[in-house]
Amino acid sequence: DITTSASNSNITIDPNGTGTLALGSADNTAVTVDGKSFSIDAAGDASNITLATDGDAEDLTIAVTGDTDSSLVMSSTGTGNDAVQVTASAGGMDITSKLAMDITTSASNSNITIDPNGSGTLTLGSDDNTKVDINALDIELDAGANGVTINSAGAIDITTSASNSNITIDPNGSGTL
């Protein structure tokens with residue numbers, strides 16, 4: 001144990017010059033860091049936190065606990081298209097929120113693209129949702145050879161609110177309406 005004897009004294013471990021500070025080694029059972037608060041900062045070089053698993057259920061958890069108005073904030077001031085990456089290279093991804101979820105771009109008229117791989121299906125909403133609301137200045141639906149299918153257990157209402165606007169439904173070739 002290393003302990004200070006004076007009130008509120010600090011302990012500084014500072015390697016000489018460009019030396020590396022190593023806490024523990026691969027054969028340690030665990031390294032525990034406890035404190036009222038902590039800060040891990042790096043400057044000038046790429047850095048990482050890595051868990052190399054060798055069995056199932058060896059999870060890495062980063063969490064904020066306690067029923068308080070606190071947040072887990074991940075942020076980046078990087079300027080590339082990949083300034084923040086969340087990747088599951090061998091498994092799925094689950095994002096769950098007890099309250100509302102907001103995904104927004106904040107500058108440069110940036111797009112949001114959701115694109116399932118290959119023939120995967122993109123599903124918005126489910127049978128128990130009250131409503132799926134799509135709002136935009138322009139809405140475009142493009143479908144390949146399989147066409148567009150609209151099913152409803154209730155009425156279907158297609159209305160335009162602009163004055164003197166047309167609604168055009170035009171089957172191709174010998175198609176019928």
Side-chain angles (χ1 to χ4, degrees), residues 1-4 6-141:
D1 290 348
I2 301 173
T3 306
T4 60
S7 303
N8 300 320
S9 295
N10 295 329
I11 296 174
T12 301
I13 302 172
D14 187 5
N16 187 12
T18 58
T20 299
L21 173 62
L23 296 176
S25 63
D27 61 348
N28 290 135
T29 303
V31 175
T32 301
V33 177
D34 292 318
K36 180 96 173 128
S37 66
F38 71 94
S39 177
I40 300 173
D41 299 311
D45 288 318
S47 303
N48 68 291
I49 298 173
T50 303
L51 169 61
T53 67
D54 60 2
D56 291 345
E58 293 179 349
D59 302 328
L60 174 64
T61 301
I62 299 173
V64 175
T65 62
D67 193 7
T68 61
D69 184 5
S70 302
S71 302
L72 174 62
V73 178
M74 293 177 22
S75 68
S76 171
T77 58
T79 58
N81 288 337
D82 60 351
V84 174
Q85 292 184 31
V86 179
T87 304
S89 62
M93 187 177 297
D94 183 11
I95 300 173
T96 304
S97 175
K98 181 177 179 180
L99 300 176
M101 185 178 295
D102 185 15
I103 300 173
T104 306
T105 60
S106 62
S108 303
N109 295 319
S110 299
N111 297 329
I112 296 175
T113 302
I114 301 172
D115 186 9
N117 186 294
S119 61
T121 299
L122 173 63
T123 301
L124 298 175
S126 62
D127 291 340
D128 62 349
N129 292 140
T130 302
K131 184 178 182 179
V132 175
D133 203 358
I134 301 173
N135 296 296
L137 295 175
D138 184 33
I139 297 174
E140 180 179 330
L141 298 174

Result block: side-chain N/O donor-acceptor pairs under 3.5 angstrom for residues 113-121, not counting sequence neighbours:
none

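- Scanning for side chain to side chain contact (heavy atoms under 4.5 Å, CB included) contacts around Thr20 gives an empty result, with sequence neighbours left out.
- Residues forming a side chain to side chain contact (heavy atoms under 4.5 Å, CB included) with Asp133 (at least two apart in sequence, or on another chain): Lys131, Asn135.
- For the atom pair Thr105 OG1 and Asn111 CG, the distance stands at 7.5 Å (nearest 0.5 Å).
- Thr104 is linked by a side chain to side chain donor-acceptor pair (under 3.5 Å) to Asp102, counting only residues two or more places apart in sequence or in another chain.
- Qualifying side chain to side chain contact (heavy atoms under 4.5 Å, CB included) partners for Ile103, counting only residues two or more places apart in sequence or in other chains: Ile112.
- For Glu58, the side chain to side chain contact (heavy atoms under 4.5 Å, CB included) criterion is met by Thr53, Asp54, not counting sequence neighbours.
- Residue pairs meeting the side-chain hydrogen bond (donor to acceptor under 3.5 Å, both in side chains) criterion with at least one member in residues 39-49, sequence neighbours excluded: Ser39-Asp41, Asn48-Thr50.
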Side-chain atoms of residues 77-101: list all donor-acceptor pairs with protein atoms under 3.5 Å, sequence neighbours left out, distances to 0.1 Å.
from	atom 1	to	atom 2	distance (Å)
Asp82	OD2	Gln85	NE2	3.2
Asp94	OD1	Thr96	OG1	3.0
Ser97	OG	Leu99	N	3.4
Ser97	OG	Leu99	O	2.7

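- Pairs passing the side-chain hydrogen bond (donor to acceptor under 3.5 Å, both in side chains) check and including a residue from residues 29-38, sequence neighbours excluded, do not occur.
- Taking Asp128 as the reference, Ser126 meet the side chain to side chain donor-acceptor pair (under 3.5 Å) condition, with sequence neighbours excluded.
- Evaluation of the side chain to side chain donor-acceptor pair (under 3.5 Å) rule for Ser25 yields Asp27 as partners, not counting sequence neighbours.
- Looking at residues two or more places apart in sequence or on another chain, you find no side chain to side chain donor-acceptor pair (under 3.5 Å) involving Asp69.
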